[in-house]
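For reference, the structure is listed below as structure tokens.
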2 protein chains.
Amino acid sequence: MSEAVSALALAARTGQAGEEPAYDLIELFFFAYRDFVSDPDRILAEYGFGRAHHRILHFVARRPGMTIAELLDILKITKQSLNRVLKELIDKGYVEQRPGQSDRRQRLLWPTNQGRELALRMARLQTRRIARALAGDDGEEAIRRFLIGMIDPVERAKVRNRLSGAKLGA
Amino acid sequence: MSEAVSALALAARTGQAGEEPAYDLIELFFFAYRDFVSDPDRILAEYGFGRAHHRILHFVARRPGMTIAELLDILKITKQSLNRVLKELIDKGYVEQRPGQSDRRQRLLWPTNQGRELALRMARLQTRRIARALAGDDGEEAIRRFLIGMIDPVERAKVRNRLSGAKLGA
DNA sequence: GGGATATGTCAACAAACCTGACGTATTCGA
DNA sequence: TCGAATACGTCAGGTTTGTTGACATATCCC
């Protein structure tokens, strides 16, 4: 047990990383993500939605009252790209727009009940997969640290704020 | 230390998963993957390639002599979709096709030197990110278990075989 | 009042996926 | 040995989701 640190983590520490690429982790990450997004895909198909709809709905449901600008910064896509998909979610009654209180140029995004339910349904499915992956394991904190570490340093602070501040923006 | 098991892992154990969705892990996974694939994106742009090229080249470089069928099973896309991108990689000299020895219907895929180098360049970049994420952490095995657990059960055995058998198929 | 900001929109295009149908070469089993 | 199954390629057309560039509108702030 407690078998010191892996060669990779050690290499990172000493600064001499990159002898042998971490092929297994690279591929595991690919396979894990491939299947992770396949869960919601099945539900979305029932509604005639795609992955883009899921991403938007998820963040709107999690952070009610978000601005367009913040959503763009999270998704890293253009506003034209966002708008096409967002419009469908609004037309079909999953998301609503309300003018900002302090700044009336903003059109804050809110989930409808329908939207909240759909988002929750997909989150539950993904949670089931995560729970299964964690079953009987006590390394959850290590995983959290790892995932945070995978994020661009510049983005990391933003993500932390978003995670802790979620749902409080309401 | 050794602070028992998380609520989520516990819920998975006891079978009563899914009270509260694991929003933080869901989102961390999204952000981590978003940035993970952005590394190779920059390199690919130099060559006029996209993410699809990367995935194909990666697996061909890792498992020289792979069949089309196996690649399709890994990527979970249609052969028409694969072929368009694969053709470009062949035309530009990053991948070669050779008839199978035992079964001459097969057109086995091999990386060229050029292809191997490009694949390695991107793998190194992703490894650097992974090494940074693991720096000073001893939870690498927990992460590996987690990622494997995220994969569809049916696929898991295949992935295990692929990981351990990689590069031996040559 | 005028510039910056937040957002929307029109148009054209590209990457990367899809379905469906059909063709060819090769293998394998009755 | 012949016919079905398999491995792969390809033609055609469609969808989703991203892009760039340009321009319009409403609001805020100095």
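Letters A, B, ... mirror the listed sequences (proteins, then strands); counts begin at 1.
Set against D:dG9, C:dA21, C:dC17, the side chain of B:Asn83 has D:dG9 as its closest nucleotide. For A:Arg104, the listed nucleotide lying nearest its side chain is D:dT27; candidates were C:dT19, C:dT9, D:dT27. The B:Thr67 side chain lies nearest to D:dC8 when the options are C:dA16, C:dT19, D:dC8. Side-chain atoms of A:Arg51 lie closest to D:dT17 of the nucleotides D:dC8, C:dT19, D:dT17. Closest approach to the A:Ile77 side chain among D:dC8, D:dT19, C:dC18 is made by D:dT19 (side chain taken as heavy atoms from C-beta onward).
In the interface, the side chain of A:Arg105 is paired with the base of C:dT5 through a donor and an acceptor atom under 3.5 Å apart. You won't find any donor-acceptor pair under 3.5 Å spanning the side chain of B:Gln97 and the base of D:dG9, going by distance alone. A donor-acceptor contact under 3.5 Å links the side chain of A:Gln80 to the base of D:dG21. Side chain A:Arg107 to base C:dG8: no donor-acceptor pair is found below 3.5 Å.
Counting non-hydrogen atoms under 4.0 angstrom, A:Glu70 reaches nothing in the nucleic acid. Counting any heavy atom pair closer than 4.0 Å across all strands shown, B:Arg84 reaches a base atom.
A salt bridge between B:Arg162 and B:Asp73 is present, with a side-chain N of the basic residue lying under 4.0 Å from a carboxylate O of the acidic one. Of the charged side-chain nitrogens involved, none lies within less than 4.0 Å of a carboxylate oxygen, so that A:Arg128 and A:Asp39 do not count as a salt-bridged pair.
For A:Lys79 and A:Lys76, each mapped to the nucleotide of DNA chain D holding its nearest heavy atom, the one lying further toward the 5' end belongs to A:Lys76.
The separation between A:Leu72 atom CG and D:dG18 atom C1' is 13 Å, rounded to whole Å. We find that CZ of B:Phe49 is positioned 11 Å from P of C:dA16, with the value rounded to whole Å. Rounded to whole Å, atom P of D:dG9 lies 13 Å from atom CG of B:Asp91. Here C:dT7 presents its C1' atom at 11 Å from CG of A:Leu109, a figure rounded to the nearest Å. Atom pair B:Lys87:NZ and D:dC8:P shows a separation of 16 Å (rounding to whole Å applied). Following rounding to the nearest Å, A:Leu86 (CG) and C:dT9 (C1') show an atom-to-atom distance of 13 Å. The CG atom of B:Leu108 sits 12 Å away from the C1' atom of D:dC8 (whole-angstrom rounding). The distance between atom CG of B:Leu75 and atom C1' of C:dC18, rounded to the nearest whole Å, is 15 Å.
For the pair B:Arg62 and A:Tyr23, the distance from NZ or CZ to the six-membered ring centre is under 6.0 Å and the angle to the ring normal is within 45 degrees.
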### Message
Evaluate B:Phe30 against A:Phe59 for ring pair (Phe, Tyr, Trp, His ring centres under 6.0 Å), listing each step before the verdict.
### Response
CA-CA 11 Å; B:Phe30 164 77; A:Phe59 286 109; 5.5 Å; yes

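One finds no side-chain N or O of A:His53 lying less than 4.0 angstrom from the OP1 or OP2 phosphate oxygen of D:dT16. In terms of phosphate contacts, A:Thr78 brings a side-chain nitrogen or oxygen within less than 4.0 Å of OP1 or OP2 of D:dT19.
Around CD of A:Gln101, the count of heavy atoms belonging to other residues, nucleotides or ligands within 6.0 Å does not exceed 12.
Using cut-offs of 30° and 60° on the angle between ring planes, the pair A:His54 and A:His58 is perpendicular.
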